[in-house]
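First the structure, in the form of structure tokens, and then the observations on it.
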Amino acid sequence: MIRINQLRVLIKNDKTENPAEKLKAKIKRLLNLKPGASFTYQIIRRSVDARKKPQLFYSYTVDIKPDFGANEKQSKAELEHNLIKKLKVKAISVNEEAKYSFPYRAGKTKSRPVIIGAGPAGLFCGYMLALSGFCPIILERGEAVRERTETINRFFNEGILNPESNVLFGEGGAGTFSDGKLSTQVKDPRGIKKAVLSILKKAGAPAEILYEQKPHLGTDVLRNIIKDIRKQIILNGGEVRFGQKVTGFSRHGNKITGVIINENEELKADYVILAIGHSARDTFHALYQNGVKMEAKPFSVGLRVEHPQVLINKIQHGVNYHKVLGAADYKLASKTAYSFCMCPGGFIVNASTEKGFLSINGMSYSDRAGESANSAIVMAVNPHKLGLNHPLSGIEYQRKLEEKAYQIGNGKIPVSYLGDFKKAVLGTEDLAVSTDKNIPSTKGDFCFAPVHEILDDEMNKAFLDAMNEFGQKIPGFDDDMTLVAGIESRTSSPVRIPRDEFFRANYDGLYPCGEGAGYAGGIISATMDGVLVAEAVAKAVEQMNL
């Protein structure tokens, strides 16, 4: 297969134009193919080159299969090598991409793997095991996605929180009510990421996720995809049980023998996968009480900022709105902070899971059509540098911030203007909260409040230093009218559950998995880890049957 890198095609601000025809014509010219010569191609990656904005280009990586016709003297590989040698273009090479397939099939066994959590890691672990005949049981403390959506909307509209089913708990996990980003920096020599994206596409995701540099789904599309994946798990012999909160564990010596559900039911299991997500604090405590080894790990906390989407569009694309590219995004980093979970055309959402505590997140729909852009600006927290050496100390640190946020907002999302925030932190003037100007785009009630009181002075100053630096990169980013909300505390798990080379915790049969266990950060990396843990469990079952 012939690969072409950095193949640029001009993007016109016109939806009627067909970029596929332009791409095909350019491939033909680059390969110097004869008139009438046929070929097929596959887009491997597509990104936007905005270095000459407002003139924008797609930069493609494509794999091509030319039709060389019948040739008895030379193999296809030899013909491809000869063509490349004749062209003498560095961006053109021969490539064979890895294709993933699950390496195990279930034999005769009565032991069904139990997966705790139906987030990305748990669902894809269950999906792989189900399709390979292992009949997994997935236990989810929250509701199925349809009922979960109704519960969350009731929380947004009426303030009625369900601690077991909310923005962070329930089928699909925390990513279901976010932007649905599918980017990851995890290396993928085996092609697992491509396999995961293909499964998502088969379940209803648009084809573009297979090659876009920054693919996303949006919460509305993701919900339907999750339902289809659950359906496939069930059709292939798996089970997905809702309202099943794991409150304890059974073990015999160093071997896990089952889980306790809702404090009164025991489910026997030889293999238990911990795909619990980064916010299952009560489950972390249950694990700790049962002697599961854990350690505090670095994480980040910060504040979410909101800007007019047209500001970001103008800076990134050179126009107020691009008809083809839609809402623009950004990714920023400084010495003190970085942007996290940027949501173009999105909303700031109340992502609380406990009564009396408040945390926020960002969310976008698939069209990203909202008038505001928001992103968390977060600072790193090293538990050990703060003297937080207990394995669960990071959780308590998060909870203190969330309790403060709840108190200053009286249960609502606390918001202030950056100008007022600066005055309070830098001590230049008394705090004067302004409420007669622009208001934030939120899901859940908000109120103007002294947001600077949530974090300590060091964190606040680190935030302001970053905002000042980001304002030099995106003029207007640090404008006094920028909206600031808090607290963004659930960026990643503050806990890691160590696992050995067989993916096991310190108890045999217990498999930490995904973001909650400290081995992923986002939807795709969590699904990939779910696949790897599924392999480890399947291999253990296979060896038991020998």
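Throughout, numbering of the chain's residues begins at 1 and tracks the sequence. Note that this is a predicted model, so its numbers are computed, not measured. Any value given below was found using the heavy atoms of this structure, including those in side chains, with hydrogens, waters and symmetry copies removed.
- Counting heavy atoms from C-beta on, the side chains of P414 and L358 come closer than 4.5 Å.
- Ring pair Y330/H307 is perpendicular by interplanar angle, where above 60° counts as perpendicular and below 30° as parallel.
- Between C343 and G362 the shortest heavy-atom distance is SG-C, 3.4 Å.
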Side chain to side chain contact (heavy atoms under 4.5 Å, CB included) between F470 and I377, worked out: CA-CA 10 Å; F470 298 158; I377 305 300; 3.9 Å; yes
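- Taking the side chain as every heavy atom from C-beta outward, F177 and K443 never approach each other to under 4.5 Å.
- Side-chain contact between Y127 and I199: present, with at least one pair of heavy atoms (C-beta onward) separated by less than 4.5 Å.
- Taking CD1 of I115 as the start and CG of L123 as the end, the distance is 8.5 Å to the nearest 0.5 Å.
- Side-chain contact check for Q398 versus I487: every heavy-atom pair is 4.5 Å or farther apart.
- The line from CG of N166 to CZ of F156 is 9.5 Å long, rounded to the nearest 0.5 Å.
- Separation of atoms SG (C513) and CD1 (I273) is listed at 7.5 Å; rounding is to 0.5 Å.
- Here the side chain of T219 pairs a donor or acceptor atom with the backbone of T176 at under 3.5 angstrom.
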Test salt bridge (Lys or Arg N to Asp or Glu O under 4.0 Å) applied to K400 and E403, step by step: CA-CA 5 Å; K400 287 180 180 178; E403 185 176 31; over 6 Å; no
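- Side-chain contact between F357 and L161 is absent, with no heavy atoms from C-beta onward closer than 4.5 Å.
- Separating the CD atom in Q185 from the NZ atom in K187 is a distance of 11.0 Å, to the nearest 0.5 Å.
- A donor-acceptor pair under 3.5 Å is formed between the side chain of D529 and the backbone N or O of G514.
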Pair D179-R368, salt bridge (Lys or Arg N to Asp or Glu O under 4.0 Å): steps then yes or no: CA-CA 9 Å; D179 186 55; R368 289 177 165 177; 2.5 Å; yes
Stepwise salt bridge (Lys or Arg N to Asp or Glu O under 4.0 Å) check, K293 with E295: CA-CA 7 Å; K293 288 184 179 179; E295 57 191 30; over 6 Å; no
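- Sparse packing is recorded around NZ of K539, with 12 or fewer heavy atoms of other residues, nucleotides or ligands lying under 6.0 Å away.
- The environment of K194 atom NZ is dense: over 12 non-hydrogen atoms of other residues, nucleotides or ligands sit within 6.0 angstrom.
- A salt bridge does not link R154 to E143: none of the charged side-chain nitrogens sits closer than 4.0 Å to a carboxylate oxygen.
- Proximity of a side-chain donor or acceptor of K297 to a complementary backbone N or O of G394 within less than 3.5 Å is not detected.
- Of all the heavy atoms in T257 and R251, the pair that sits closest is OG1-N, 3.4 Å.
- Remark: the backbone N or O of A520 is not paired with any side-chain donor or acceptor of E515 at under 3.5 angstrom.
- Between K461 and D457 there is no salt bridge, since none of the side-chain N atoms of the basic residue sits less than 4.0 Å from a carboxylate O of the acidic one.
- Across all their heavy atoms, T491 and F340 have their closest contact at O-CZ, 3.4 Å.
- Donor-acceptor pairing under 3.5 Å is lacking for the side chains of S165 and E147.
- At least one donor-acceptor pair under 3.5 Å links the side chain of R148 to the backbone N or O of E171.
- Taking the side chain as every heavy atom from C-beta outward, P383 and F299 approach each other to under 4.5 Å.
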Test log, rule salt bridge (Lys or Arg N to Asp or Glu O under 4.0 Å), inputs K181 and D329: CA-CA 12 Å; K181 292 178 180 63; D329 65 0; over 6 Å; no
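- Taking the side chain as every heavy atom from C-beta outward, Y211 and L197 never approach each other to under 4.5 Å.
- Other residues, nucleotides and ligands contribute at most 12 non-hydrogen atoms within 6.0 Å of the NZ atom of K231.
- Aromatic ring orientation, Y104 versus F102: perpendicular (interplanar angle above 60°, classes split at 30° and 60°).
- Each of I260, V259, I256, N290 was scored for a side chain to side chain contact (heavy atoms under 4.5 Å, CB included) with S250, with one residue passing: I260.
- With no hydrogens or angles considered, a side-chain donor-acceptor pair links T353 and R490 at under 3.5 Å.
- Nearest heavy atoms, V114 versus A269: CG2-CB, 3.6 Å.
- With hydrogens and angles ignored, the 3.5 Å screen pairs a side-chain donor or acceptor of D188 with a backbone N or O of K193.
- With respect to the salt-bridge test (charged N to carboxylate O, under 4.0 angstrom), the residues R399 and E402 do not qualify.
- Take R190 and apply the side-chain hydrogen bond (donor to acceptor under 3.5 Å, both in side chains) test, not counting sequence neighbours, and it matches E535.
- When all heavy atoms are compared, the tightest approach of A505 to I497 is CB-CG2, 4.2 Å.
- Between the side chain of D49 and the backbone N or O of Q6, no donor-acceptor pair lies under 3.5 Å.
- The CD1 atom of I348 sits 7.0 Å away from atom CD1 of I413, with the distance rounded to the nearest 0.5 Å.
- Atom CD of E266 has more than 12 neighbouring heavy atoms from other residues, nucleotides or ligands inside a 6.0 Å radius.
- Atom NZ of K473 has more than 12 heavy atoms from other residues, nucleotides or ligands within 6.0 Å.
- Atom OH of residue Y60 and atom CD1 of residue I44 lie 13.0 Å apart, to the nearest 0.5 angstrom.
- Contact check for R499 versus R504: no side-chain heavy atoms found under the 4.5 Å cut-off.
- With hydrogens and angles ignored, the 3.5 Å screen pairs no side-chain donor or acceptor of N262 with any backbone N or O of N264.
- Relative ring orientation between Y288 and H390 is described as tilted, the plane-to-plane angle lying within the 30° to 60° band.
- Y406 and S352 share no donor-acceptor pair across their side chains, judged by distance under 3.5 Å alone.
- Annotation for S525 and G522: closest pair OG-O, 3.3 Å, computed over non-hydrogen atoms.
- Remark: the backbone N or O of S334 is not paired with any side-chain donor or acceptor of E469 at under 3.5 angstrom.
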